[in-house]
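Per chain, numbering begins at 1; letters A, B, ... match sequence-line order. Treat the numbers as computed from the prediction; the structure is a model and nothing was measured.
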Number of protein chains: 2
Amino acid sequence: MDSLNAIRKSFDQLVTMTDDDWFYFREKLHQTRFKRTDIITRFGQIENRLYFLTRGIVRHIVNTTSIETTSDFAFPGQFFSSYSSFISRRPSIYEIRPVTSEVDCYYLGYDSLQDVYLNTQCGEKIGRLAAEQQFQKKSSREVFLLTLNPREKYLQLLEEQPHLIQQIPLKHLASYLGITPETLSRIRSSIS
Amino acid sequence: MDSLNAIRKSFDQLVTMTDDDWFYFREKLHQTRFKRTDIITRFGQIENRLYFLTRGIVRHIVNTTSIETTSDFAFPGQFFSSYSSFISRRPSIYEIRPVTSEVDCYYLGYDSLQDVYLNTQCGEKIGRLAAEQQFQKKSSREVFLLTLNPREKYLQLLEEQPHLIQQIPLKHLASYLGITPETLSRIRSSIS
DNA sequence: ATCCAATTTTGCCTTGAATCAAATTTAAAG
DNA sequence: CTTTAAATTTGATTCAAGGCAAAATTGGAT
């Protein structure tokens with residue numbers, strides 16, 4: 001199956017993995033599918049799954065009383081999860097929902113992952129490298145949010161994540177940038 | 001030595017560590033001291049050290065052409081480093097400088113840490129848990145920066161990190177919150 | 001293909017925070 | 001202790017982005 005290969009591949013980019021380790025891991029994967037209106041992970045729920053996205057797009061929504069704020073998107077070939085809840089075992093402050101009408105994923109349960117950490121050679125190392133990657137992502141975003149004004153944010157997004165602009169509704173992009181849809185619309189029209 | 005105990009202690013909070021592992025680790029630690037005007041890590045430099053702070057306060061500064069923006073502070077008992085540079089081996093986009101007149105630390109070189117990963121039982125696990133912690137920290141900060149206005153930022157800081165307010169100059173606090181010193185001064189006077 | 005709801009755009013007005021500048025306070029250095 | 005520079009406060013003004021409302025467009029569902 002091709003998307004299993006994609007998972008293996010993303011591991012191979014991190015570490016040299018034996019076939020034994022891979023088989024041990026693969027056995028624990030499950031497959032699932034979501035529709036646009038489904039809620040993949042709910043606010044307050046303790047995240048029990050680490051997903052690998054094979055089709056569609058999902059977004060992470062911050063639990064604020066007022067307006068929906070998007071903290072992240074995931075695309076095919078990427079892992080996603082309410083990661084802070086998953087690793088801390090505390091209630092999720094994020095909700096995860098599909099952006100596209102159909103979303104296909106593999107996932108690994110929390111306990112399965114702990115088994116992988118205990119029973120494979122490279123488990124811990126993959127876990128460390130993955131966490132380091134996630135850290136770096138949030139770290140760049142911190143600089144992004146701290147130092148740029150709306151126009152600069154949009155220009156940087158345009159340069160560094162053009163695929164995002166092509167496929168995500170403007171209102172979600174706006175909330176991801178921490179600005180209003182109106183402002184983003186104006187910036188966009190003032191450029192192209 | 002007491003501050004070595006503090007390091008051991010912070011490891012013990014993460015994982016059960018054998019004395020053998022600890023001795024292996026401890027041998028690789030070095031001690032150093034900085035004065036207020038020193039630059040601990042420079043922009044563009046590849047970070048080669050992971051520090052453990054035993055005395056004083058340091059701050060992480062983002063490399064923007066215009067104004068100095070503070071992305072993080074570290075206090076005694078905490079690790080610090082230009083972590084994204086340290087793990088990616090790419091030039092640092094942060095500068096690290098003392099906030100206090102004297103800063104004492106232990107540090108571990110990059111290669112030493114790789115040795116620890118290879119040659120101890122719990123090294124990888126500590127590395128993973130530490131990276132997960134760093135991730136969570138940046139993750140909360142993302143929500144903080146995305147969803148709060150200046151006043152709300154200050155109130156949350158007051159509640160969750162009061163030690164920070166007591167010991168850091170206002171202008172650095174302001175840049176950490178992504179607002180101007182004038183605005184922070186006004187918010188502060190409107191409250192207490 | 002048509003309809004309806006959701007999304008995006010546009011215009012107008014408001015406002016919160018930035019900017020600029022000066023006065024005051026604090027603290028570092030000799 | 002005194003000096004002097006740096007940090008903070010305060011005031012006046014500006015401006016960028018937000019808020020609101022209505023029009024236009026898009027896209028999904030039937």
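Rounded to a whole Å, the OH atom of A/Tyr154 is 19 Å from the C1' atom of D/dA16. The CD atom of A/Glu68 sits 14 Å away from the C1' atom of C/dT7 (whole-angstrom rounding). Between A/Ile67 atom CD1 and D/dC20 atom C1' there is a gap of 13 Å when expressed in whole angstrom units. The interatomic distance linking B/Lys153 (NZ) with C/dA17 (C1') rounds to 11 Å, in whole Å. If you measure from atom CZ of B/Arg151 to atom P of C/dT15, you get 17 Å, rounded to the nearest angstrom. Following rounding to the nearest Å, B/Ile187 (CD1) and D/dT10 (P) show an atom-to-atom distance of 14 Å. The CG-C1' distance, from A/Asn149 to D/dC15, rounds to 12 Å in whole Å. Per the geometry, CG belonging to A/Leu146 stands 12 Å off P belonging to C/dA18, to the nearest Å.
The side chain of A/Ser185 has C/dT9 as its nearest neighbour among C/dA21, D/dA12, C/dT9. Here the side chain of A/Lys171 is nearest to one of C/dT9, C/dC20, C/dT8, namely C/dT8. Comparing D/dG11, D/dT8, D/dG18 by their closest approach to the side chain of B/Leu170 singles out D/dT8. Listed nucleotides D/dC20, C/dC20, C/dA18 differ in distance to A/Glu182; the shortest reach to its side chain belongs to D/dC20.
Counting any heavy atom pair closer than 4.0 Å across all strands shown, B/Leu184 reaches no nucleic acid atom. Using a 4.0 Å heavy-atom distance criterion, B/Arg188 is classed as a sugar-phosphate-only contact.
Taking the six-membered ring for Trp and thresholds of 30 and 60 degrees, A/Tyr51 and A/Phe80 have nearly parallel ring planes, at less than 30 degrees apart.
Side-chain N/O atoms of A/Thr180 include one lying less than 4.0 angstrom from OP1 or OP2 on D/dG18.
Across the interface with DNA chain D, nearest-nucleotide mapping of B/His172 and A/Arg36 shows B/His172 to be the residue nearer the 5′ end.
With hydrogens and angles ignored, the 3.5 Å screen pairs no side-chain donor or acceptor of A/Ser92 with any backbone N or O of A/Gln45. Using a distance-only test at 3.5 Å, with no hydrogens or angles considered, a donor-acceptor pair links the side chain of B/Glu152 to the main chain of B/Asn149.
For C/dG11, its base sits under 3.5 Å from the side chain of A/Arg186 at one donor and acceptor pair at least.
Looking at A/Ser101 and A/Arg36, their side chains come closer than 4.5 Å, going by heavy atoms from C-beta outward.
Both tests do not hold together for B/Arg59 against B/Tyr176: distance to the six-membered ring centre under 6.0 Å, angle to the ring axis within 45°.
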